[in-house]
Amino acid sequence: MTLILYNPHANNNDVTSALDSAMKYASAPDTQAKDMTAVDVREEICALSAQDRVLICGGDGTLMRLANALDGATYSVPVYLWKSGTGNDFLRDLGRNEDTEPVQLNQYLTKLPHVKVAGKTYRYVNGIGFGLDGMVCEVTDKLKEQGVKKINYTAESIKLLLGGFKCPSGKVTVDGVTKQYKKIWLASAMYGKYYGGGMRVAPDQVRGGDTLTCCVWHTSGKLATLMHFPKIFTGEHVKYKKSIDVLTGKKITVEFDTPTALQIDGETISGVTTYTAWID
C-alpha cells in the first residue's frame, strides 16, 4: 500500500497539483491520500510495514511537522518526500532540488537538532531564523491569509530591511562562550545550509554533522546591509566579516532585548525573546 500524507497548507495553500501528481506516480489501487493535519501522523506511519511506502506531499515546514511527529518512534516503512513546497531548502541542501523522483527521508530523520522556544521543544530540519528573517515569515504568513498567491520573499525582506524592521540588541552563547551584539539583523542556528527559498545562510554547515552553525549579522547600517544582502544567496555574505560572525558549536542560545518573530523551517512564532538550539 502507498499512503500519501499531504499538507494542505504547503505551496502557499495550493497543494492540489502536487497531490494529483503524487497520486499518478503511486498508480496503485490501494493508494490512500490523507490530510496530515487531520490525522495522527505517528500512528499512521507506525502502523505500516516495510512492504508499504509513504509519500509526504509538502515542503520544509511539512518536513518539520513530520520530524516532530516521528520523534522517538520506531517504524519500518520507507518514507519519501514528494516535492511540493515553495522553498524546498532541504532538497536544495541535498543537491536534489531539480529531481523529479521522490527522495527517501528515513536516513535524514534519525539525527536532528532540537530547539527550545516559548517553553516548547521541537526538532528542526534546516534552520532557525531570528530577526529580519523571522519577521519576513510573519509578514508573508499574513499575506497568505489575505489570499496572496505569488509572494516574493526577497522583495519582502528588502522592504523590511529598509523600513519595517528595527534591529534589537542581544547576546549569543555558543558552547558556553557569550558574545554581546548591538543592532542584530539576524541570528540563525543552522543544521543545513539554506532557508528562505535559497538563502545560503551557512555555506560551510554539514548536514548530519555534530555541530550547528550560528550566523550573526550585526552592526551594519541599512545601506551596507542592503548592498551585501544579495550575497546571502551564494554564501558570499560570510566574507563581510566586519558585520557577520559565523560561530559553530553543539549548543546555541540567542537572546534579544526586544520581542521578535522567529521561524523554524518556515513556521513562524511571534514575540520571541530567546531560543536555544542544540544537537546531541
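- Between the CZ atom in R53 and the CE atom in M1 there is a gap of 11.0 Å [rounded to 0.5 Å].
- Residues I269 and V115 are members of one and the same hydrophobic cluster, defined by side-chain heavy-atom contacts under 4.5 angstrom among Ile, Leu, Val, Met, Phe, Trp and Tyr.
- Residue K111 qualifies as enclosed at atom NZ: its count of foreign heavy atoms under 6.0 Å is above 12.
- Residues that satisfy the side-chain contact (heavy atoms from CB on, under 4.5 Å) test with D40, not counting sequence neighbours, are R42, E43.
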Requested in this report: Check the pair D265 / Y122 against side-chain hydrogen bond (donor to acceptor under 3.5 Å, both in side chains), numbers first and verdict last.
Outcome: CA-CA 11 Å; D265 292 334; Y122 309 88; over 6 Å; no
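- Under a 3.5 Å cut-off, the side chain of N152 and the backbone N or O of S157 do not form any donor-acceptor pair.
- Contact check for M135 versus T260: no side-chain heavy atoms found under the 4.5 Å cut-off.
- Contact between S84 and C57 at its shortest, heavy atoms only, is OG-C, 3.1 Å.
- In this structure, OG in S270 is found 8.0 Å from CG in D141, a value given to the nearest 0.5 Å.
- No path of Ile, Leu, Val, Met, Phe, Trp and Tyr side chains, each step under 4.5 Å between heavy atoms, connects M64 with M190, placing them in separate hydrophobic clusters.
- Taking the side chain as every heavy atom from C-beta outward, D204 and T213 never approach each other to under 4.5 Å.
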Query raised in the report: Please walk me through it: do L109 and Y75 pass side chain to side chain contact (heavy atoms under 4.5 Å, CB included)?
Result: CA-CA 12 Å; L109 297 174; Y75 53 97; 3.8 Å; yes
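- When side chains are defined from C-beta on, L105 counts as touching L66, because their heavy atoms get closer than 4.5 Å.
- Panel note: side chain Q32, backbone L3; no donor-acceptor pair is recorded below 3.5 Å.
- Here the closest heavy-atom approach between residue D89 and residue G197 is recorded as OD2-N, 2.8 Å.
- By the 4.5 Å heavy-atom criterion applied to side chains, V139 and K142 are not counted as neighbours.
- Pairs passing the ring-ring contact (aromatic ring centres under 6.0 Å, His included) check and including a residue from residues 77-99, sequence neighbours excluded, read Y25-W82, F90-Y108.
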Query raised in the report: Does the side chain to side chain contact (heavy atoms under 4.5 Å, CB included) test come out yes or no for M199 and F229, once each step is laid out?
Result: CA-CA 10 Å; M199 294 182 182; F229 185 76; 3.7 Å; yes
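- Here the CD-CG distance, from E98 to L91, works out to 10.0 Å after rounding to the nearest 0.5 Å.
- For K182, the side-chain contact (heavy atoms from CB on, under 4.5 Å) partners are S169, not counting sequence neighbours.
- S49 and D52 are linked by a side-chain donor-acceptor pair at a separation below 3.5 angstrom, with hydrogens and angles left out of the test.
- Side-chain contact check for L5 versus I45: some heavy-atom pair is nearer than 4.5 Å.
- Linking Ile, Leu, Val, Met, Phe, Trp and Tyr whenever their side-chain heavy atoms come within less than 4.5 Å leaves I252 and V206 in two separate clusters.
- Contacts of Y275 classified as ring pair (Phe, Tyr, Trp, His ring centres under 6.0 Å), with partners at least two apart in sequence or in another chain: F130.
- Using a 4.5 Å heavy-atom threshold, the side chains of T154 and F233 count as touching.
- Residue H218 holds its NE2 atom at 8.5 Å from CD1 of I184, rounded to the nearest 0.5 Å.
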**Report entry** CA sep, side-chain torsions, deciding dist, call: V201, I232, side chain to side chain contact (heavy atoms under 4.5 Å, CB included)
**Finding:** CA-CA 6 Å; V201 182; I232 202 169; 4.2 Å; yes
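- For R123 (side chain) and A67 (main-chain N/O), no donor-acceptor pair under 3.5 Å exists by modelled atom type.
- Contact record, R207 with L94: CD-CD2, 4.0 Å, taken as the closest heavy-atom pair.
- Residues that satisfy the side-chain contact (heavy atoms from CB on, under 4.5 Å) test with M227, not counting sequence neighbours, are L223.
- Here the side chains of T37 and N7 are in contact, with some heavy-atom distance below 4.5 Å.
- Counting all heavy atoms, side chain and backbone alike, I244 lies closest to H237 at CD1-O, 3.1 Å.
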**Report entry** side chain to side chain contact (heavy atoms under 4.5 Å, CB included) evaluation trace for L19 with I4
**Finding:** CA-CA 8 Å; L19 178 58; I4 299 176; 3.7 Å; yes
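- No donor-acceptor pair under 3.5 Å is formed between the side chain of K193 and the backbone N or O of D93.
- Residues satisfying the side-chain contact (heavy atoms from CB on, under 4.5 Å) test with T100, not counting sequence neighbours, are none.
- Here the rule is side chain to side chain contact (heavy atoms under 4.5 Å, CB included) with S243, and of T219, V216, T225 only T219 fits it.
- Of all heavy-atom pairs spanning V272 and T274, the tightest one is CG1-O, 3.3 Å.
- Applying the 6.0 Å contact sphere to NZ of K251 captures no more than 12 heavy atoms from other residues, nucleotides or ligands.
- The hydrophobic cluster containing Y194 does not contain V125, counting ILVMFWY residues as joined when their side-chain heavy atoms lie under 4.5 angstrom apart, directly or transitively.
- The closest donor-acceptor contact from the side chain of D175 to the backbone of K250 lies under 3.5 Å.
- Here the shortest heavy-atom pairing between N97 and R92 reads ND2-NH2, 3.3 Å.
- Remark: L186 CG to C214 SG distance equals 9.0 Å, nearest 0.5 Å.
- Here the CD atom belonging to E101 is positioned 12.5 Å from the CG atom belonging to L81, to the nearest 0.5 angstrom.
- Follow the hydrophobic side-chain contacts under 4.5 Å out from W217 and you never reach V254; the two are in separate clusters.
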